[in-house]
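Each chain gets a letter, A, B and so on, in the order its sequence line appears, and its residues count up from 1. Both backbone and side-chain heavy atoms feed into the values below; hydrogens, waters and symmetry mates do not. Small disclaimer: the values here were computed from a predicted structure and weren't measured.
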2 protein chains.
Amino acid sequence: MEDRTYTADAEPGDHATVAGWAHEIRDLGGIAFLIVRDTTGKIQVKFEKEEMDDALVETGTEVTRESVVQVTGAVEDEERAPTGVEIVPESVEVVAPAEPELPLDPSGKVEAELSTRLDNRTLDVRREEAQAVFAIRAEVLRAVRDYFRSVGCTEINTPKIVATGTEGGTELFPVTYFGREAFMNQSPQLFKQLMVGSGLERVFEVGPIFRAEEHNTPRHLNEATMIDFESAFIDHHEAMDVCEGTLLAAYEAVAENCRDELETLDMVEAFDVPDEGFPRLTYEEAIERINATGELDEHLAWGDDLPTEGEKALGDEVGGHYFITDWPAEIKPFYIQDYDDRPEHSKGFDLMHPQMELVSGGQREHRYEELVAGFEQQGLDPDQFEYYTKMFKYGMPPHAGWAYGVERLVMTMLGLANIREAVLFPRDRQRLSP
Amino acid sequence: MEDRTYTADAEPGDHATVAGWAHEIRDLGGIAFLIVRDTTGKIQVKFEKEEMDDALVETGTEVTRESVVQVTGAVEDEERAPTGVEIVPESVEVVAPAEPELPLDPSGKVEAELSTRLDNRTLDVRREEAQAVFAIRAEVLRAVRDYFRSVGCTEINTPKIVATGTEGGTELFPVTYFGREAFMNQSPQLFKQLMVGSGLERVFEVGPIFRAEEHNTPRHLNEATMIDFESAFIDHHEAMDVCEGTLLAAYEAVAENCRDELETLDMVEAFDVPDEGFPRLTYEEAIERINATGELDEHLAWGDDLPTEGEKALGDEVGGHYFITDWPAEIKPFYIQDYDDRPEHSKGFDLMHPQMELVSGGQREHRYEELVAGFEQQGLDPDQFEYYTKMFKYGMPPHAGWAYGVERLVMTMLGLANIREAVLFPRDRQRLSP
């Protein structure tokens with residue numbers, strides 16, 4: 001439709017054709033209004049019944065809600081219309097009728113269960129709040145990619161069907177690959193490291209990852225979109241700098257370019273771009289501070305993972321994003337490097353939002369002997385990963401990196417109660433369709 | 001390494017630390033040179049044996065090729081050096097030694113089989129030609145995404161694990177999803193259509209697709225990165241306009257931003273940005289012209305797919321990119337709309353590069369009854385796709401779209417002989433690792 005006018009662009013004096021969904025019909029007797037909604041907004045179409053062709057009035061006022069319509073007419077000033085203009089129609093065409101009974105109400109006035117919404121995602125995303133979330137998600141991805149390029153990264157794509165999982169045989173979805181056993185990849189980790197060892201040096205990827213984790217919670221997904229970064233010749237502290245940089249770039253872009261969306265979500269006031277220089281606590285400081293809050297029944301000891309309540313207690317205290325560094329080596333994966341002078345401490349880090357963990361990263365082990373020893377310590381068979389380990393014999397530079405899911409970023413950024421609000425078609429323990 | 005200088009940035013007069021791979025050692029007796037390579041280029045390090053510390057000379061001249069080294073010293077003018085400068089070193093450190101025997105020669109002087117190269121992709125991508133290809137690939141993705149945003153598209157991510165394939169049960173990789181049968185998705189087709197029907201209207205996705213096709217050829221992959229576009233309220237000709245737009249944007253971006261890479265590939269002369277306005281032939285014109293070339297043993301008739309030799313004969317004649325439109329309905333999938341007044345003709349199109357097919361697209365069937373009839377005509381059970389078809393009952397606008405693989409685009413753009421040259425870690429009939 002080359003001659004289509006978006007509702008937001010219709011100016012008084014135009015002769016315009018708009019197309020969109022029949023959002024609402026208000027019949028006041030002698031006069032009736034059809035509100036047409038498209039991706040840019042809504043516009044009022046006015047039917048003065050006495051003065052207009054009966055067929056035209058009938059088409060425009062009896063169309064079922066959510067039908068697709070196309071309206072041509074004069075755009076006129078109208079102070080009382082929601083957007084200050086209205087169309088006086090010459091023609092109204094029902095391009096695609098909607099059944100009168102809808103599985104959910106896209107105006108959002110009648111609330112629906114999350115599962116009903118996800119079953120009918122097409123209708124659900126017609127709600128302007130959902131539109132806003134997915135517009136912001138897209139802007140976050142744009143901003144993060146642009147930031148990566150500004151710091152010299154090359155975009156890569158790594159395979160999703162793999163012969164071995166990143167961390168051995170756990171939590172993998174099995175695939176049959178031409179009669180062979182294979183898996184959906186849990187993470188680009190090993191592949192991005194291999195590309196750091198190629199001359200690409202500094203890479204990023206945005207792509208799906210697959211985790212067969214059994215838990216079904218408001219903050220876990222079995223398929224997610226991961227933002228991965230890895231760079232040669234940097235250490236974990238420089239990796240944290242880049243991590244913070246991407247996050248700030250995403251927040252700044254949303255603040256600047258998604259004002260309408262934040263308004264729709266009623267978040268203009270609440271939306272804060274975090275301050276630069278996220279605090280970096282060591283794991284030992286973190287557990288001390290959590291213990292000091294008194295929020296946990298039992299004191300945390302060296303080697304414990306941080307329980308959710310502990311993360312929240314500390315997050316409340318810190319009041320913003322922060323890193324936790326120097327995790328116990330025993331609870332970080334084999335590819336994380338340990339400090340030579342205190343090998344029980346690793347160079348792994350997490351980036352925390354006050355509400356939950358966002359990022360996992362670290363300095364990687366780039367020395368062949370130490371890497372293979374790390375596999376064995378974690379009960380993994382290094383032979384299964386020979387395609388990976390052997391490249392560490394041919395000049396693998398020191399490197400560091402991290403990854404986060406865009407869904408958790410959007411969830412924490414917008415304060416969404418459930419991570420499924422940040423994915424169009426979530427995959428979880430129960431849900432495989434649509 | 002915050003104080004690292006990239007080799008390309010080292011200026012005479014600097015006191016610099018460079019880090020990279022030991023590319024080559026030239027020992028001329030009293031003087032020796034170590035060439036250090038990083039992602040930006042190469043630099044010469046000069047060892048005047050008599051005047052320098054023996055240990056320093058030994059480290060710098062006996063390091064194995066492809067080891068990672070770090071060199072600190074004074075950068076000086078040197079006309080005879082390949083880049084006009086050299087480093088007089090104060091310190092040389094071998095950060096990560098390489099074994100003396102390498103599985104392949106990253107300088108590219110000794111040619112290796114493709115399979116050896118893919119087995120050792122980390123080393124292979126150290127070749128500057130491979131670096132150039134993947135830098136161009138990344139630039140293509142950037143340019144295409146920016147173009148999409150310039151025409152009002154929202155980026156989406158659709159699920160890769162699905163309950164049913166896009167086109168029924170053929171050519172799918174099965175996945176076990178928590179004990180349930182599922183598949184790797186062949187295409188975002190159905191999901192992107194659902195999002196067009198939501199208010200997003202105009203969407204794009206860049207992501208992996210999975211096809212269990214048995215053929216193993218130089219132009220097929222079983223996992224590829226697909227660029228998908230779909231928009232409400234446009235027809236197939238407008239979809240072709242956007243398709244051409246993305247392609248031209250990609251070529252222009254490479255011409256403008258990847259001069260060094262084209263130089264490396266010896267393509268500066270050969271690289272042409274295609275002219276705007278790709279010819280649009282109907283399928284009937286296409287088979288007539290192919291038949292007229294006399295290149296095929298048998299004449300093509302209505303309903304035949306175009307054989308590879310036919311595509312090439314026509315491609316030679318047209319001499320550039322072109323569209324083939326109005327394909328026989330019977331050889332296009334159910335979701336392509338047919339012309340109402342000549343239902344044996346579909347509104348499907350392909351974009352052809354002179355050497356091969358690049359894009360498949362078309363106007364979609366947006367009318368519920370016709371869509372369901374189309375399923376049945378193609379022997380598919382519409383009930384299996386209810387999550388998709390039912391949304392066509394709630395106001396699905398007319399829409400059109402298309403998809404192409406970034407690998408074929410890069411392959412045709414750079415004249416690569418094998419599509420595997422355009423993927424870091426290809427997946428094919430035999431290859432599942434690395």
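Side-chain contact between B:Arg137 and A:Asn157 is present, with at least one heavy-atom pair separated by less than 4.5 Å. Using a 4.5 Å heavy-atom cutoff, the side chains of B:Met184 and A:Lys160 are not in contact. Looking at heavy atoms from C-beta onward, B:Ile161 lies in side-chain contact with A:Phe173 at the 4.5 angstrom threshold. Residues A:Arg121 and B:Met195 meet the side-chain proximity criterion, which asks for heavy atoms closer than 4.5 Å.
For the pair B:Arg429 and A:Phe178, the cation sits on the ring face: its NZ or CZ lies under 6.0 Å from the ring centre, inside 45° of the axis.
Among the candidates A:Ala98, A:Ser67, A:Ala130, the residue making the largest number of heavy-atom pairs closer than 4.5 Å to chain B is A:Ala98. Per-residue heavy-atom pair counts under 4.5 Å with chain B were compared for A:Leu123, A:Thr158, A:Val95, and the maximum is reached by A:Leu123. When the candidates B:Leu200, B:Thr225, B:Val196, B:Asp146 are compared by the number of heavy-atom contacts under 4.5 Å with chain A, B:Leu200 comes out ahead.
Using a 30° and 60° split on the angle between ring planes, A:Phe425 and B:Phe191 fall in the perpendicular class, above 60°.
Looking at B:Arg180, the atoms closer than 4.5 Å to chain A (heavy atoms on both sides) all sit in the side chain, from C-beta outward. For chain B, no part of A:Glu205 is nearby; none of its heavy atoms comes within less than 4.5 Å. Using a 4.5 Å cut-off between heavy atoms, A:Ser433 touches chain B through its side chain atoms alone. Only the side chain of A:Pro208 has a heavy atom closer than 4.5 Å to any heavy atom of chain B. Proximity to chain A involves both the backbone and the side chain of B:Asn120, based on heavy atoms less than 4.5 angstrom apart.
Looking at B:Arg427, its side chain never comes within 3.5 Å of a backbone N or O of A:Pro159 through a donor-acceptor pair. Looking only at distances, a side-chain donor or acceptor of A:Trp21 sits under 3.5 Å from a matching main-chain atom of B:Gly395. Judged by distance alone, the side chain of B:Arg126 and the main-chain N or O of A:Gly197 form a donor-acceptor pair under 3.5 Å. Between the side chain of A:Thr122 and the backbone N or O of B:Ser198 there is no donor-acceptor pair closer than 3.5 Å.
With respect to the salt-bridge test (charged N to carboxylate O, under 4.0 angstrom), the residues B:Arg145 and A:Glu155 qualify. Salt bridge B:Lys393/A:Glu66: absent, no basic N to carboxylate O contact under 4.0 Å.
Taking each heavy atom of B:Phe233 and A:Ala19 in turn, the nearest pair found is CE2-CB, 3.5 Å. Between A:Tyr177 and B:Asn222 the shortest heavy-atom distance is OH-CB, 3.6 Å. Here the shortest heavy-atom pairing between A:Ala182 and B:Leu432 reads CB-CD2, 3.8 Å.
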Report task. Could you please spell out the steps behind the side chain to side chain contact (heavy atoms under 4.5 Å, CB included) verdict for B:Glu201 and A:Asp38? Result -> CA-CA 8 Å; B:Glu201 284 195 27; A:Asp38 67 14; 3.3 Å; yes
Report task. Would you sort out whether A:Lys390 and B:Glu101 count as a salt bridge (Lys or Arg N to Asp or Glu O under 4.0 Å), showing the intermediate values? Result -> CA-CA 12 Å; A:Lys390 76 173 175 184; B:Glu101 292 291 319; over 6 Å; no
